[in-house]
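Contents: one structure, followed by commentary.
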Amino acid sequence: MKKDYFDDEIAGVKSKPKKRKKKMTFGKFILILIALAVVALASFIITVKVLVPDYDLKQLIPQKAVDFVEEDIKGKTTTTEKLMDYFEHKEMKSNGEKAGNQLGNLLNGGLVGTDTNYIYHISQGRGIYRITPSYEGYTRVYKTGHKLSSLNLRGEYIYFVDETKSRLKRLEKGSSKPETIAENVRFAYVYDSKVYFITNANALCVMDLKKLEPRTIYYSAENELKLVGISKKRVFFTVNNGNELEFLTIDNRAREEDASKFRANCSVEECDKFVMENGFLYYIEKNSESDGKYNIVRQKFGSEKTFVLKETRTNRCYPITDKNRLFYASIEDNQLVMKEFNMNSKKTKIMLRSNDLDGEDNDDMAQIFHGGEYDFIIGGNNYKASSNQTSSTNIMRFSGGSWSY
């Protein structure tokens, strides 16, 4: 049988604690003794308080012990945080066909997405376009001068965020008039029958796409939230506390319950760009042995083992995964290079190169996107695509609302 790309991590997954089948007679005996001692102590205290109501029970305890309780425990309590780092595999397993887009695409801006028939892309100031791969025809399906992001394709609808108005919108395919389904939104991810979104006020929300009644499940007053991934019942996200990332998870059915940590904090300078797909974490970490280089790392959820997949020269783009393939960016010869790494065969190939990066505004840097048969680099002075079934030098360029070679 062909080895699957995640087989190496299986040995590192934490096992679920096994239940003890045999009863321990000695342990049971000790518990009975403790129970009897507690009952006796309670009876003694009640008797003392009945006969001498004003009696100070602290006199029964040595003064040093009292001081320890009042000063060291009450005044200096610290709790050891336990990481929520184990779930059944079926809880973490996801179905790519139910996702509105790859999370890496969305975290890079969400300008490209695909359904089973077409590839959709956003052109800022013009709207949303659709490409038909079979003959490379294209058409505009939604016209607007607003800035858009978070493109999701699910069922008969196109979902996107209108950043100019901070609104999550839904456009029925074949229609030209979208409806607003949520306000004050800056990021959205559609999966199955739900949409997970983050507001400008750093509230993490979930909404059923039939009921359209959003629920806030977590709120951060000032610190930026970013989605990492989801499982069947939980949402995983980061909170940026200045220069440090905190990793939290929360039940998607909750209403602002306490979130639990699922990973130890890390410095943004050391590790960033976290994406979780199908129970695997992908992220970019600084290469400690080489200045200006980074490692793209994979880690199975619940395992302490990490695997360096590739080395790269930039951490500007989130990695994108599609089945057994990893799409990532590097900078070579002053160009942003989009590459594909096959996690089964371990082969790497160049998909697309950007124009010269000189003079780009930091707020409008080129980003990579994977749209099924086509890969894209969009941003700054770049808007280009290439079919992954042809050579990387066979490039389409988008300008003035039209594609051309």
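Computed over heavy atoms, backbone and side chain alike; hydrogens, waters and symmetry mates excluded.
- Glu277 has no carboxylate O lying under 4.0 Å from a charged side-chain N of Arg298, or vice versa, which leaves the two without a salt bridge.
- Aromatic ring pairs are classed by plane angle as parallel below 30°, tilted from 30° to 60° and perpendicular above 60°; the pair His370 and Phe327 is parallel.
- Salt bridge status for Arg253 with Asp251: present, with a side-chain N to carboxylate O gap under 4.0 Å.
- The existence of a salt bridge linking Asp115 and Arg154 is excluded, since no basic side-chain nitrogen approaches an acidic carboxylate oxygen closer than 4.0 Å.
- In this structure, OH in Tyr318 is found 10.0 Å from CG in Leu103, a value given to the nearest 0.5 Å.
- Nearest approach of Asn278 to Ser94, heavy atoms of both residues: OD1-N, 2.8 Å.
- In this structure a side-chain-to-backbone donor-acceptor pair under 3.5 Å is missing from Ser303 to Lys300.
- A salt bridge links Glu183 with Arg167; the closest basic N to acidic carboxylate O contact falls under 4.0 Å.
- Inter-residue side-chain proximity for Tyr374 and Met396 is flagged as met; some heavy-atom pair is nearer than 4.5 Å.
- Using a 4.0 Å cut-off between charged nitrogen and carboxylate oxygen, Lys165 and Asp162 do not count as a salt-bridge pair.
- Put simply, the side chain of Tyr383 reaches to within 4.5 Å of the side chain of His121, judged on heavy atoms.
- Sequence neighbours left out, not one pair with a member in residues 164-215 passes ring-ring contact (aromatic ring centres under 6.0 Å, His included).
- Of the charged side-chain nitrogens involved, none lies within less than 4.0 Å of a carboxylate oxygen, so that Glu91 and Lys232 do not count as a salt-bridged pair.
- Under the 30°/60° scheme for interplanar angles, the aromatic rings of Tyr142 and Phe160 are found to be tilted.
- Remark: Glu270 does not engage Lys286 in a salt bridge, criterion side-chain N to carboxylate O under 4.0 Å.
- Around atom CG of Asp291, no more than 12 heavy atoms belonging to other residues, nucleotides or ligands sit under 6.0 Å away.
- Around atom CD of Glu156, no more than 12 heavy atoms belonging to other residues, nucleotides or ligands sit under 6.0 Å away.
- Ring planes of Phe398 and Trp403: tilted class, angle from 30 to 60°.
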### Task
For Glu332 and Lys339, run salt bridge (Lys or Arg N to Asp or Glu O under 4.0 Å): C-alpha distance rounded to whole Å, both residues' side-chain angles, the deciding distance at 0.1 Å, then the answer.
CA-CA 11 Å; Glu332 300 173 4; Lys339 297 183 177 182; 2.6 Å; yes

